[in-house]
Number of protein chains: 2
Amino acid sequence: MPRKSSVTIKDVARKAGVSIATVSYAFNNADSISDETRQRVFAAAAALGYRPNVRARNLRTQESRILGYSWHPLPKDHWHPVLDRFIYGMAEAAEAEGYHILTFAGSTGDDVWSPYEELLTSGRVDGFILSDTNENDPRIRCLLDRGFPFVAFGRANEAWDFPYVDVDGETGIYKAVKHLFDLGHRRVGILAWPEDSLTGEYRYAGYKRAYKEIGLVADPQWTVRCLNSVDESATAIETLMHLPPDRRPTGVVTMSDMIALGVINKLYAMGLQPGRDMAIVGFDDIPTAQYIHPSLSSVRQPIKAVSHLAVEMLLSLIRGEKLKRRQVLLEPDLIVRASSGVSIG
Amino acid sequence: MPRKSSVTIKDVARKAGVSIATVSYAFNNADSISDETRQRVFAAAAALGYRPNVRARNLRTQESRILGYSWHPLPKDHWHPVLDRFIYGMAEAAEAEGYHILTFAGSTGDDVWSPYEELLTSGRVDGFILSDTNENDPRIRCLLDRGFPFVAFGRANEAWDFPYVDVDGETGIYKAVKHLFDLGHRRVGILAWPEDSLTGEYRYAGYKRAYKEIGLVADPQWTVRCLNSVDESATAIETLMHLPPDRRPTGVVTMSDMIALGVINKLYAMGLQPGRDMAIVGFDDIPTAQYIHPSLSSVRQPIKAVSHLAVEMLLSLIRGEKLKRRQVLLEPDLIVRASSGVSIG
DNA sequence: TTTACTCACTTAAACGTTTAAGTGAAAGGG
DNA sequence: CCCTTTCACTTAAACGTTTAAGTGAGTAAA
């Protein structure tokens, strides 16, 4: 059944008048090949349009030069705010080193591990990039146990020592709160994720840090927990708005632009003007953030840097090198737009 | 260098007391293997945790069971509205048939073809899915010339006979215009892409069809050409708004939600109320469309269907089957929201 | 002059499968 | 009872590389 593939190392060897080993050495620039022979080999290869067959090479070298990445389908009306940039960044970084990215669909059930297992044991990929990690993430546990190369975008169980890149959400939220303080706000609320969210708690720590630093005490009522949905955030902001005017926050930071959108919509629905009657800062800097009304201040994650770094770390691991830094936190930037309102000094 | 891979067909054969050929036949469920032997082989394989090595299989069968997909990085502030869903859909469909998706970064220069050539001649992929096609797309031309399997999401040169799936943009815009007619509008404008955009012209045909059907004549001044940017669309809508009130459109359809966002912002900036002073319909149904203010009516592309169909067609081509339908147009849906305004009957 | 070493290759094995061809036993037909 | 066919396997070649080991010529050292 296997049809002859177009042009192989044998054809090049014949044409150049050398053995196939010489061709291989020439291509892998071993130094025991004379310049003259190397030129002859390259000329023959070019004339025939030869390209080494990656399948044969993979079998021989026991590698695939492919990195696996999967993400979970999000519920309807949700979306991964910057996934395209993330995948593109990984592909860029991988291709610079002769690797490629295989994107696979994570299982929808509770058995998140088995697609990874499949790709791993069949030799399809040399390593994994993980994202959307959570504490006690079974994927991390299994990969650690197997000693299989991977790098996570996101932290997990602090007792586990595994390589990751993450965005310093604490600093992100800290910057957001500080920004509102700088504008003169003294009562800043937060719509935070439930306490079981690791990422959420890192970010929430930034809220507390900002208060501590400025020497104020945040009223516990200014912290409202809500999930990543427009509906929940509408309810949450309502809770805040129903506080008595002199104890009601004048600004609010949120865990995602999605939540910020819910806040904006709810404020409009209550006849209020977002940005004027309530300062709002989002998180993610989704592409539309700058175009909505009012344009949304938001914490922007350095996605390109994250993706490049994660891939570079993974390639180091695959090559058996020791990482200089196994855990890296990258600082996000605050993008200030109209939803912050103006100084109320 | 090549370390022994974990457990191979030989180990299974030894454990089951058969030859490796028998193991292979058992796994590829050939019918010349007795049930009893098959059970023994499976038991041995399960006990050892055997999984066929995909690299060896690939070499032997001269295939990779990988489909390549690339997209171009968009300029800053632009984004591929539904890319994550598209890739996810492809991965889903491919995995159901034992294939995987390799996402690679298209070249940023003018040599769009070479990354494809590389993956093709090295045997990395068995076929390609293309998107963001344009007329005389060099990728399509080269792939056709080589006879290499591919399916495009999007049409191209009408003289070329190649397999594609596309969304029927004409019907999409037709539905949008008709919808505004139904609300009582009689002067509906369009912010259309420049005439060199193939996709744009298909959609523009829907605009003309709607007018023809209702028996009205669209004033040429109601067609304003603009690129896919917020800035250009702001200028474009301004042009429309500067027409005398009795000859100014009362509603406008656009080629993308991005353009619609620019329109909304500009109208606010002019002190007007989008949805009330001007009905607006977008295209793409980006995730935020339902959350912005006013929520945006939009033409939604059936991305999941497109991605699944494209993959299925590609797999048929790879298997050498004849396609029942080489060219498929899928109908988009109009999602009606607040930006359409209410009936002005 | 012999010996040892370097150089620039070649030979051949291996990577783990798939699959065409071969084989021996059992069954069936005359 | 012999011949053919079927069944259920096994043997062995092949897929296209990489790379350890081998080789013969030329050079340098003793």
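Proteins get letters first, then strands, A, B, ... in listed order; numbering begins at 1 in each.
Spacing between atom NZ of A:K10 and atom C1' of D:dC15 amounts to 9 Å, rounded to whole angstrom units. Rounded to an integer number of Å, the gap from B:N58 CG to D:dA14 C1' is 16 Å. At whole-Å resolution of the value, CZ in A:R14 and P in D:dG16 are 12 Å apart. Rounded to a whole Å, the OH atom of A:Y50 is 7 Å from the C1' atom of D:dT17. For the pair B:I9 CD1 and C:dT18 C1', the computed distance is 8 Å after rounding to whole Å. Taking atom CZ of B:R65 as the reference point, atom P of C:dT17 lies 15 Å away to the nearest angstrom. Computed from coordinates, the A:E63 CD to D:dG16 C1' distance equals 15 Å when rounded to whole Å. One can place CD1 of B:I20 at 11 Å from P of C:dG16, the figure rounded to the nearest angstrom.
A close approach under 4.0 Å does occur between a side-chain nitrogen or oxygen of A:S19 and OP1 or OP2 of C:dT10. A sub-4.0 Å separation between OP1 or OP2 of C:dT18 and a side-chain N or O of B:R57 is present. For the pair B:Q62 and D:dA14, the criterion of a side-chain N or O lying under 4.0 Å from OP1 or OP2 is not met. Listed pair A:T37 / C:dC9 meets the phosphate criterion, a side-chain N or O lying under 4.0 Å from OP1 or OP2.
At the heavy-atom level, A:V54 lies nowhere under 4.0 Å from the strands shown.
Among C:dC15, D:dC15, C:dC9, the nucleotide with an atom closest to any side-chain atom of A:T22 is C:dC9.
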Problem - Worked check of salt bridge (Lys or Arg N to Asp or Glu O under 4.0 Å) between B:R146 and B:E117 - result: CA-CA 10 Å; B:R146 293 222 180 206; B:E117 161 108 32; 2.6 Å; yes
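Closest non-hydrogen pair, A:Y99 versus A:I318, comes out as OH-CG2, 3.8 Å.
Place B:A56 and B:A21 on DNA chain C by their nearest nucleotides, and B:A56 ends up nearer the 5' end.
You won't find any donor-acceptor pair under 3.5 Å spanning the side chain of B:R60 and the base of C:dT17, going by distance alone.
Taking 4.0 Å as the cut-off between side-chain N and carboxylate O, B:D137 and B:R141 do not count as a salt-bridged pair.
Between A:L119 atom CG and A:L102 atom CG the span is 6.0 Å, to the nearest 0.5 Å. In this structure, OG1 on A:T133 lies 11.0 Å from CG on A:N157, to the nearest 0.5 angstrom.
In the region residues 23-35 of chain A, proximity to DNA chain D at under 4.0 angstrom, judged on heavy atoms, holds for A:S24, A:Y25, A:N28.
Aromatic ring orientation, A:F150 versus A:F162: parallel (interplanar angle below 30°, classes split at 30° and 60°).
The side-chain contact (heavy atoms from CB on, under 4.5 Å) test with B:M90 singles out one residue from B:V306, B:T103, B:I101, and that residue is B:I101.
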